[in-house]
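Order of the sequence lines sets the chain letters (A, B, ...), proteins ahead of strands, with each chain counted from 1. Fair warning: this is a prediction, and the values are worked out from it, not measured in the lab.
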There are 2 protein chains.
Amino acid sequence: MNFDGQLPPKARLLKAAAELLANSAGKPVSTRQITELAGVTAPTLYHHFGDKEGLFNAVIDVGFEEYVAGEHNFAPTGKPLADVRQIWDNHLKFGLDNPQLYSVMFGNIRPESRPARVAEAEGFMEEMLEKAAAAGQLCVAPQEAARSILAANVGVTLMLIAEPAAERNFDLSDMTREAVISAVSSEAELSGAGAPVGASSVVVAAIALNAALESSHPEQLSTTELKMFLEWLDRIAKTS
Amino acid sequence: MNFDGQLPPKARLLKAAAELLANSAGKPVSTRQITELAGVTAPTLYHHFGDKEGLFNAVIDVGFEEYVAGEHNFAPTGKPLADVRQIWDNHLKFGLDNPQLYSVMFGNIRPESRPARVAEAEGFMEEMLEKAAAAGQLCVAPQEAARSILAANVGVTLMLIAEPAAERNFDLSDMTREAVISAVSSEAELSGAGAPVGASSVVVAAIALNAALESSHPEQLSTTELKMFLEWLDRIAKTS
DNA sequence: TATCACCTATAGCAACGCTATATGAAGTAA
DNA sequence: TTACTTCATATAGCGTTGCTATAGGTGATA
């Protein structure tokens, strides 16, 4: 159907695969779909890319770098930990934009395909953390820190991908990101943007009361009052 | 080949699926393998389980509970945060013991299969964290804490699964676990009081919140709202 | 005995990833 | 030009996958 002008078949396959993967909303994409959209036949795909996974890896090579290290989305600020946050957010964005590709890369178990990609992402994270370590901002080895942060990043991304886009709550990402970063960094960053650890005792007390009320007998309060009451407690508890 | 004695076909299918999944080292398991090992034909599988995923979910129902909540592997200690650590470790162990099943549950994107399982694991984690919140050990809402911890748990488990068993470094798990737990907990673990659950804890929490509110007026509540709020707090403290 | 619901088998469909083989196009050497 | 080589694409189809339309067998109940 679509022959994409004068592009050679290899490029058309890459473009078709990327397009289908981006729009497939999580459902698997078949080689037949790809070759039809690219206007070529099956042997062409296997001639250029070996197999389906080879094609997907080629797409990833084009797309992943763009998000993780591409100039458009990432420019080192000189502040290593800020760069780590940027890498985290780019990683998440890539996963949400390309759920199908992402699951191939990180949700997969097969040891022959996953480690190469993971190692690449890990190496990039580690690179930043080495700078942080050189600046005395790390309290663990950069490699261990990179692995921990990347693991949490993958878990958060998979969890958010699995949710309907409308219900996604990015507090999960921010909160977890700050948790793992602050755990590996030597100084308590008072930057404030993340999760203020020494949050006001009001929040702690509100959360405790909220939980206590829900676990005790709510009959003591009239239902309408209780609803408003819990709503306010909830609002207080979420100001963090 | 193997008819497993007198077990009914449904049980044979479950057993065959579990066995193949456990030994398949990450490679996909086909319905034909399963039905052949169980000594039944395809329609039997679909009659009992609907589809392949239904069978896998049934296997998970048997196996997952065993690790996450089973009596043999989990007994609440009364210290909520210690229980959370136990849940984390059980979760990881389950993933490493059943990599294929685990990837179906958590590494998968399809929104129709994943949320049910995730919600179950999340609910269990949340249950523990509510107790922690009631004891004043949490600085965020239990639900948010549960999601963050579970996300990190999933990420760590997938990363360790993808590594050769010999090279697995469990420091990654311990480190990340403590990072997310400490991020959601109010640093003062007052666990000396044990687990105060019931009306009395409501009073204690209400008094604490009352005092905290009066000393720091949060801008989230209008003054009239604040007055009513404090009045109700007062009533709770007296009627319980 | 007759009925009926439940369970299982025969046989096969459509879609999948992939390939053995052949054909065309393009460059090189004589 | 002609012959040879090489790369790239097409025709056609293999073996496997998840799944099902249909029918037959089996045991409990009336």
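What separates NZ of Lys52(A) from P of dC18(C) is a distance of 8 Å, to the nearest Å. The separation between Leu55(B) atom CG and dG18(D) atom C1' is 13 Å, rounded to whole Å. The nearest whole Å value for the distance from the CZ atom in Phe56(A) to the P atom in dC16(C) is 12 Å. In this structure, Lys27(B) places its NZ atom 17 Å from P of dT16(D), rounding to the nearest Å. For the pair Tyr46(B) OH and dC19(D) C1', the computed distance is 5 Å after rounding to whole Å. Straight-line distance from the CZ atom of Arg32(B) to the C1' atom of dT20(D): 12 Å, rounded to whole Å. Taking atom CG on Leu45(B) and atom P on dT20(D), their separation rounds to 11 Å, with Å as the unit.
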Protein N or O to nucleotides 7-11 of chain D N or O, pairs below 3.5 Å:
| from | atom 1 | to | atom 2 | distance (Å) |
| --- | --- | --- | --- | --- |
| dA8(D) | OP2 | His47(A) | NE2 | 2.9 |
| dT9(D) | OP2 | His48(A) | NE2 | 2.6 |
| dA10(D) | OP2 | Thr41(A) | N | 3.0 |
| dA10(D) | OP2 | Thr41(A) | OG1 | 2.7 |
| dA10(D) | OP2 | Thr44(A) | OG1 | 3.3 |

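Using cut-offs of 30° and 60° for the angle between ring planes, the His91(B) and Phe106(B) rings count as tilted.
Between Ser30(A) and the phosphate of dA15(C), there is no side-chain N or O to OP1/OP2 separation shorter than 4.0 Å.
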Taking only distance into account, with no hydrogens and no angle test, what donor-acceptor pairs under 3.5 Å do side-chain atoms of residues 146-161 of chain B form with protein atoms, sequence neighbours excluded?
| from | atom 1 | to | atom 2 | distance (Å) |
| --- | --- | --- | --- | --- |
| Arg147(B) | NH1 | Glu163(A) | OE2 | 2.6 |
| Arg147(B) | NH2 | Glu163(A) | OE2 | 2.6 |
| Ser148(B) | OG | Thr176(A) | OG1 | 2.7 |
| Thr157(B) | OG1 | Asn153(B) | O | 2.7 |

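More than 12 heavy atoms of other residues, nucleotides or ligands sit less than 6.0 Å from atom CD of Glu130(A).
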